[in-house]
2 protein chains.
Amino acid sequence: MDRIEYQVIRSLSKSSLSLWQIINAQDGDIRSTIAVLKRLKERGFIDSDGYNITLTSSGRDFVLSYMKEFVDSKCPRCFGTGLIINERFKKTLEDFEKIFEGRPLESAEFDQGVVPAENSVRRVEFIYKRGDLEGKSILFLGDDDLTSVAMAMTELPGEIVVIEIDERVVNYINEVSRKLGLNLQAYIYNAVNPLPEELKGRFDTFLNDPVETVKGIRVFLSRCVAALKGEGSAGYFGLSHYESSLKKWIQVEKDLLSMNLVITDVLRDFNVYLLTGERILKEGFRVVVESPFKPTAPDYPWYRSTFFRVEVVGCPNPLVTETVEWNRDIYFDEDTYVALP
Amino acid sequence: MDRIEYQVIRSLSKSSLSLWQIINAQDGDIRSTIAVLKRLKERGFIDSDGYNITLTSSGRDFVLSYMKEFVDSKCPRCFGTGLIINERFKKTLEDFEKIFEGRPLESAEFDQGVVPAENSVRRVEFIYKRGDLEGKSILFLGDDDLTSVAMAMTELPGEIVVIEIDERVVNYINEVSRKLGLNLQAYIYNAVNPLPEELKGRFDTFLNDPVETVKGIRVFLSRCVAALKGEGSAGYFGLSHYESSLKKWIQVEKDLLSMNLVITDVLRDFNVYLLTGERILKEGFRVVVESPFKPTAPDYPWYRSTFFRVEVVGCPNPLVTETVEWNRDIYFDEDTYVALP
């Protein structure tokens with residue numbers, strides 16, 4: 001039994017679960033999870049109860065022969081993140097939630113996936129804890145979840161610049177920034193182009209939620225790295241194991257080290273995204289189409305990515321500096337299960 | 001102001017702190033922390049109150065000009081680890097604590113640093129959560145903190161083998177294992193030698209708390225990697241930022257990727273060690289000798305290491321397979337501040 005199969009049936013031994021909950025309970029990619037579910041169904045170990053996926057009686061016998069009762073040690077206070085929303089940041093969260101509600105809706109065109117407000121604040125807390133926030137110059141490459149606004153509302157950063165492809169997001173951020181008097185500016189930028197000269201070597205910290213292809217991540221992070229000042233500058237980005245196999249991860253990590261970025265923190269499934277509602281069932285995503293059981297619409301932010309912190313050792317060394325061709329293979333590969341090619 | 005200096009004075013803005021608490025509050029190495037403390041003392045920003053290190057009034061003015069009040073968001077329930085000790089593992093912890101009390105005392109000769117019982121159980125929980133524990137063949141290269149015993153007491157692993165240089169530890173583990181009927185065997189082994197043939201390619205999971213030099217880590221992890229079955233096998237080890245600069249980290253990470261190990265989790269300061277008591281002051285450690293203020297004896301397990309999980313992608317590829325020379329440079333380098341050359 002491989003590790004994903006083990007984690008899937010272990011989680012089902014406690015209760016029946018939705019497809020989304022099963023994906024949350026395992027460490028692999030969605031492609032492998034779907035393959036495991038198909039195998040388990042063929043062997044008669046799992047079935048649908050009309051709503052959730054559940055172990056059959058032969059599935060239960062199989063589980064009992066292989067494993068003891070499943071226990072979960074995830075901290076219920078901080079949901080396993082290690083961070084609570086501190087009083088000071090609670091105020092930020094309350095104020096930010098109002099801004100967040102008025103945001104432009106996300107667009108599939110740019111592979112956007114929006115992070116709930118609380119998760120944005122938790123990201124900010126982690127970055128603050130690391131010393132990469134207060135008094136720092138911070139660059140966001142893409143910010144459809146408006147984490148830059150939450151960050152600016154803490155009044156801790158020196159300056160924040162957002163460069164973003166979606167004009168609606170750029171306009172909204174600038175509008176909010178003007179209204180609230182924040183030290184935050186947004187500009188339209190497409191990452192296929194080289195980083196503008198005036199942004200090069202200017203920032204202490206970058207944030208980015210890149211697409212999930214090796215080529216795409218290389219391009220996105222290269223633009224970010226070119227923006228950093230030098231040794232000790234840091235970066236934060238999300239990488240999922242849902243749509244990136246570990247074969248992709250090892251390639252991405254090789255790229256990081258080649259860019260003179262050392263990996264200092266890897267927070268598994270720290271970031272959550274608002275990929276919820278009926279629309280997820282209707283888009284034709286492979287996660288829905290290929291599931292051996294017709295899933296119900298996800299009613300909680302089930303999608304996760306792992307939060308990486310990297311830091312420059314030596315000189316920032318972007319791997320891509322020229323203009324790259326605008327191809328769909330920047331966005332999609334064989335692991336893409338929650339977006340459309 | 002660099003990040004370490006910022007983190008040090010930020011933490012002092014809340015209260016006076018011991019040297020050990022200051023080291024805990026920053027993300028850098030001890031060498032840099034000591035240098036920061038010297039600089040701050042020379043500028044008249046910090047002083048000793050006879051017991052702790054404290055901000056002077058000019059230090060307080062300096063802080064106020066640079067930063068807002070420090071807030072800490074670390075989860076108080078799980079101490080920032082994301083994991084609580086679950087009921088099932090509480091039983092393991094209680095039983096294990098008795099065994100742990102009777103252990104042979106650690107020896108400086110082998111650079112041993114013992115992990116408190118609760119931390120051992122938390123490691124076990126994390127490994128269990130990842131699916132690398134139940135039914136698995138597990139190898140410990142070195143185990144002076146007896147985590148293997150805590151692990152075996154959960155009755156979850158298939159088999160556990162410990163290979164360890166210290167005969168007293170080997171004997172104690174085997175004695176406990178016999179008495180309690182555990183599926184756990186320990187053997188004497190010195191990592192300068194190639195891994196014994198019968199252990200090669202046999203394990204799903206390894207654990208190791210290597211020394212803190214690039215060469216030493218390369219040797220230790222190579223032995224571990226040679227013991228793994230293949231793709232999907234996993235390893236866990238500790239690496240501190242206290243005695244390893246990020247220059248060392250990036251070298252270690254390059255080695256990991258060259259061994260076909262992808263980094264899947266990096267849990268900052270997850271592991272704590274029992275380097276406490278008056279003896280720490282008397283050993284001649286550089287952390288004590290070079291401190292600009294004479295420290296008090298640490299009365300809590302202040303030493304930390306970051307817990308890495310790695311997983312094999314492709315074939316395990318140990319970088320060192322031959323016998324290596326037994327040199328002190330396996331144990332010590334310029335970052336060594338809590339051990340003797």
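The chains referred to below are lettered A, B, ... by the order of the sequence lines, with proteins before strands, and numbering in each begins at 1. Hydrogens, waters and symmetry mates are skipped; everything else that's a heavy atom, side chains included, is used.
Here the closest non-hydrogen pair linking B:C78 and A:G82 is SG-CA, 4.3 Å. The two atoms that bring A:Y6 and B:G131 nearest to each other are CE2-CA, 3.5 Å, heavy atoms only.
In terms of heavy-atom pairs under 4.5 Å with chain A, the best-connected choice from B:W249, B:Y128, B:F70 is B:Y128. Put simply, of A:L246, A:V313, A:T81, the one with the most heavy-atom pairs under 4.5 Å next to chain B is A:L246. With chain A as partner, the option from B:S258, B:P76, B:C75 having the largest number of non-hydrogen pairs under 4.5 angstrom is B:C75. Contact tally against chain B (heavy-atom pairs below 4.5 Å) for A:D27, A:D72, A:V71: the top residue is A:V71. Of the listed residues (B:L267, B:D132, B:T306), the greatest number of heavy-atom pairs within a distance under 4.5 Å of chain A belongs to B:D132. For the set A:K129, A:K74, A:R130, the count of heavy-atom pairs under 4.5 angstrom toward chain B peaks at A:R130. Residue with the most contacts toward chain A among B:K136, B:R88, B:Q26: B:R88 (heavy-atom pairs, distance under 4.5 Å). Chosen from A:H241, A:E134, A:R77, A:E125, the residue pairing most often with chain B at heavy-atom distances under 4.5 Å is A:E134.
The parts of A:E253 that come within reach of chain B are both its backbone and its side chain, each placing non-hydrogen atoms under 4.5 angstrom from that chain. Neither the backbone nor the side chain of A:S245 has a heavy atom closer than 4.5 Å to any heavy atom of chain B. There is no contact between A:I4 and chain B, counting heavy-atom distances below 4.5 Å. Heavy atoms closer than 4.5 Å to chain B are found in both the backbone and the side chain of A:E155. Using a 4.5 Å cut-off between heavy atoms, A:F79 does not touch chain B at all. Neither the backbone nor the side chain of A:D2 comes within contact range of chain B; no heavy atoms are under 4.5 Å apart.
Residues A:E311 and B:R3 are paired through a salt bridge, judged by an N-O separation under 4.0 Å between the basic side chain and the carboxylate.
Looking at heavy atoms from C-beta onward, B:L156 lies in side-chain contact with A:K68 at the 4.5 angstrom threshold. Counting heavy atoms from C-beta on, the side chains of B:L257 and A:I250 come closer than 4.5 Å.
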